[in-house]
> 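Here it is, the structure in full.
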Amino acid sequence: MNQVLFEGRLLVNMISTLLHKGALQVRYGRMNWERMFRTADYHRVANIIYLGLLGNGDLIPERWMSHFFDRYQEALVNGGTCETAEQEILALLDAEGVPCVVLSSATIRGLYELPETADMSPLRLYLSTENYVLVKGYLVDLGYETIQTYSDCGERMHRISGMNVDIYQKLPFNTKYYEKGMRELTFRARVRAGGTGVRILYPEDRMVFRMASAAYQYVCDELLLRDMLDLFLYHKAWREQLNHGYVTKKLQGFHVELLADKLLRLSYMWFGEKEDKEYMQASGEQMEDLSSFDILENRIFSRGELGKDKEVDPQVLGLTRLLNKEEERETKKARRETRRKKKEEKKKARGRFWRWVFPDYKYMSGLYPTLEKMPFLLPFYWISRSVRLLIGVLKNRDQ
């Protein structure tokens with residue numbers, strides 16, 4: 001088995017076992033612990049994996065056991081501040097009357113039996129361009145600083161306490177389907193209880209957002225184990241109350257309803273229990289060929305290095321073409337903007353040159369007071385100044 005796939009499946013098994021309080025039996029001796037840590041850290045699950053390693057510290061190099069512990073300790077120490085910090089930010093935005101939509105929040109932490117095993121980036125806000133600048137200023141005043149930017153879309157801001165906030169002025173995945181679908185979801189968002197400007201999504205819309213985002217992240221090879229775990233926990237917690245027909249209809253608008261459903265089923269295969277079997281297959285249908293799920297697994301575990309060439313899912317292929325076209329369009333747009341800026345710079349440079357060769361009347365009057373009485377001599381003094389400067393240059397060259 002490919003080492004990358006082995007490590008990915010081991011991480012999934014460890015997480016699933018911890019969720020269900022099972023006994024995990026793994027041969028630790030031959031593991032490449034540097035790769036294991038970096039893989040777990042990339043997928044943002046290192047704090048969970050630490051708990052699975054407890055009791056086996058003598059089989060794991062101290063250096064890497066320490067790294068896993070650091071991630072767990074960060075989550076343990078700072079995790080309790082997430083809800084408080086989030087409420088501080090949302091209360092400030094309400095007090096200032098700043099409209100925004102909460103895409104995801106610290107409520108996901110409540111779905112983890114051990115809150116310290118949750119992710120440290122619970123709050124994501126969508127704002128207009130004007131309010132984006134305003135809210136960024138508020139966050140800077142609260143002690144946050146930018147640690148990551150999202151290519152013309154937004155940025156991640158971090159505070160020493162460990163709280164991360166993602167702010168967006170433009171949602172990622174710039175396709176007509178994603179923009180239209182998210183516009184419909186954000187229009188439906190309701191003002192939170194006791195608030196004024198901060199709006200939250202209905203449970204069905206939060207489910208649609210998570211499933212659609214997972215599908216787009218998968219096609220872009222950005223889908224993490226943490227995203228799949230959050231998707232599983234959220235669906236399991238709300239599945240009895242959700243209007244599944246509405247969710248499917250909205251996902252059809254994103255053109256990802258089949259892919260999103262397969263990813264949800266895969267999350268249940270990874271993290272579900274026997275009683276969750278009905279959610280591992282489409283309603284009223286038999287489970288399709290498991291090879292399609294192998295492709296999903298391989299691509300997620302390898303960050304797109306494995307499985308991409310075997311893709312046959314029409315929605316994956318269609319979305320890939322659409323995203324490639326958008327990327328090409330953005331590239332062409334960026335090139336045109338670069339050419340435009342270069343032309344402007346050349347134009348400005350020419351302007352500076354001619355203003356230096358032919359200074360304005362006010363500047364020349366300072367050099368030649370006679371011009372104040374006889375302004376018609378301005379062309380003569382331009383020539384006189386140019387000759388004088390030329391003679392000076394020639395003398396300096398001779399020296």
Side-chain angles (χ1 to χ4, degrees), residues 7-29 31-89 104-124 139 142-148 155-166 222-234 270-271 301 303:
E7 292 166 356
R9 287 169 186 165
L10 177 58
L11 291 177
V12 166
N13 289 338
M14 293 178 74
I15 294 169
S16 180
T17 301
L18 288 167
L19 283 177
H20 308 309
K21 300 181 176 63
L24 182 68
Q25 296 182 351
V26 179
R27 287 186 175 183
Y28 294 101
M31 295 294 300
N32 182 330
W33 286 105
E34 179 178 359
R35 284 175 56 93
M36 278 295 294
F37 171 75
R38 298 195 187 286
T39 301
D41 202 37
Y42 169 79
H43 284 284
R44 300 209 306 266
V45 294
N47 55 330
I48 304 178
I49 299 304
Y50 170 73
L51 295 179
L53 301 180
L54 290 177
N56 296 286
D58 55 331
L59 301 176
I60 304 167
E62 182 178 352
R63 176 187 177 189
W64 298 108
M65 190 65 178
S66 175
H67 284 321
F68 279 106
F69 173 70
D70 289 342
R71 291 294 182 266
Y72 175 77
Q73 190 174 46
E74 287 172 9
L76 183 65
V77 173
N78 298 324
T81 67
C82 285
E83 291 84 352
T84 303
E86 178 177 299
Q87 291 307 312
E88 176 187 27
I89 293 170
S104 63
S105 69
T107 55
I108 191 68
R109 298 178 59 81
L111 304 183
Y112 285 82
E113 186 172 344
L114 297 175
E116 66 269 24
T117 59
D119 193 17
M120 294 299 297
S121 305
L123 185 59
R124 301 162 81 183
L139 291 174
L142 291 174
Y144 290 83
E145 60 182 24
T146 300
I147 59 172
Q148 184 179 356
E155 57 198 289
R156 170 165 292 182
M157 302 190 73
H158 171 78
R159 191 165 69 175
I160 297 300
S161 64
M163 177 70 176
N164 291 332
V165 182
D166 289 350
E222 297 172 356
L223 187 60
L224 306 180
L225 295 186
R226 175 66 71 177
D227 300 318
M228 293 289 280
L229 180 56
D230 284 351
L231 178 65
F232 163 75
L233 291 174
Y234 186 84
W270 283 353
F271 309 119
F301 292 155
R303 311 179 198 181

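In this chain, residues are counted from 1 in sequence order.
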> Is a side-chain N or O of Arg226 found less than 3.5 angstrom from the main chain of Arg44, in a donor-acceptor match?
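Present.
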> If I compare all heavy atoms of Ala40 with all of Ile49, which pair ends up nearest, and what's the gap?
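The answer is CB-CG1, 4.2 Å.
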> Quick one, Ile147 and Met157 - any side-chain contact, counting heavy atoms below 4.5 Å?
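Ile147 does not reach Met157 side chain to side chain.
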> Could you check whether any side-chain heavy atom of Arg63 comes within less than 4.5 Å of a side-chain heavy atom of Trp33, counting everything from C-beta outward?
no
> Test ring-ring contact (aromatic ring centres under 6.0 Å, His included) on Tyr72 and Tyr50; report intermediate values, then the result.
CA-CA 7 Å; Tyr72 175 77; Tyr50 170 73; 5.1 Å; yes
> Run the side chain to side chain contact (heavy atoms under 4.5 Å, CB included) test against Glu34 and tell me which residues pass, sequence neighbours left out.
Asn32, Arg38, Trp64
> In chain order, what residues pass the side chain to side chain contact (heavy atoms under 4.5 Å, CB included) check against Gln73, with sequence neighbours excluded?
Phe69, Val77
> With sequence neighbours excluded, what pairs up with Leu111 under the side chain to side chain contact (heavy atoms under 4.5 Å, CB included) test?
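Expected list: Ile108, Leu233, Tyr234, Ala237.
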> Does the side chain of Met36 come within less than 4.5 Å of Leu10's, by heavy atoms?
yes
> Is there a donor-acceptor contact under 3.5 Å from the side chain of Ser66 to the main chain of Glu62?
no
> If you define the side chain from C-beta out and look only at heavy atoms, does anything of Arg124 sit under 4.5 Å from Val165?
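No - every pair of side-chain heavy atoms lies 4.5 Å or more apart.
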> So do Glu7 and Arg35 actually touch side chain to side chain, heavy atoms under 4.5 Å?
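The answer is yes; the side chains approach within 4.5 Å.
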> Main chain of Ala106, side chain of Glu86: is a donor-acceptor contact present, judged purely on distance under 3.5 Å?
yes
> Tell me, please, which residues at least two apart from Arg303 pass side chain to side chain donor-acceptor pair (under 3.5 Å).
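Once residues adjacent in sequence are excluded, Arg303 has no partner under the side chain to side chain donor-acceptor pair (under 3.5 Å) criterion.
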> Which heavy-atom pair separates Leu223 from His43 by the least distance, and what is that distance?
O-CE1, 4.2 Å
> Any chance you could measure Asp166, atom CG, to Ser104, atom OG, to the nearest 0.5 Å?
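Interatomic distance, Asp166 CG to Ser104 OG, rounded to 0.5 Å: 7.5 Å.
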> Would you find more than 12 non-hydrogen atoms of other residues, nucleotides or ligands less than 6.0 Å from Glu113 atom CD?
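No, because the 6.0 Å sphere around CD of Glu113 holds 12 heavy atoms or fewer from other groups.
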> Without swapping roles, check the side chain of Asn13 against the backbone of Arg9 for a donor-acceptor pair under 3.5 Å.
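Looks like yes, one N/O pair under 3.5 Å.
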> With sequence neighbours left out, what residues match Glu83 under salt bridge (charged side-chain N to carboxylate O under 4.0 Å, His left out)?
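Checked Glu83 against salt bridge (charged side-chain N to carboxylate O under 4.0 Å, His left out); matches are Arg109.
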> Taking Arg159 first and then Glu88, would you say they form a salt bridge - that is, a charged N and a carboxylate O separated by under 4.0 Å?
yes
> Is there a donor-acceptor contact under 3.5 Å from the side chain of Ser105 to the main chain of Leu123?
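Side chain of Ser105 to backbone of Leu123: no pair is present.
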> Is there a side-chain contact between Leu225 and Trp270, using heavy atoms and a 4.5 Å cut-off?
yes
> Look at the side chain of Asn47 and the backbone N and O of Glu74, then say whether any donor-acceptor pair between them is shorter than 3.5 Å.
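No, Asn47 side chain to Glu74 backbone: no donor-acceptor pair under 3.5 Å.
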> I'd like to know if the side chain of Asp227 reaches the main chain of Leu224, judged simply by a donor and an acceptor atom lying under 3.5 Å from each other, with no hydrogens or angles considered.
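Indeed, once roles are kept as given, a pair shorter than 3.5 Å links the two residues.
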> Donor-acceptor check, side chain of Ser16 to backbone of Val12, threshold 3.5 angstrom: yes or no?
no
> Does a side-chain heavy-atom distance below 4.5 Å link Arg156 with Thr146?
no
> Please work out which of the three classes, parallel, tilted or perpendicular, describes the rings of Phe232 and Phe271, given edges at 30° and 60°.
tilted
> What residues, two or more places apart in sequence or in another chain, satisfy side chain to side chain contact (heavy atoms under 4.5 Å, CB included) together with Thr117?
Ile48, Leu51, Tyr112, Leu114
> Would you say Thr39 and Phe301 make side-chain contact, with heavy atoms under 4.5 Å?
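Not in contact.
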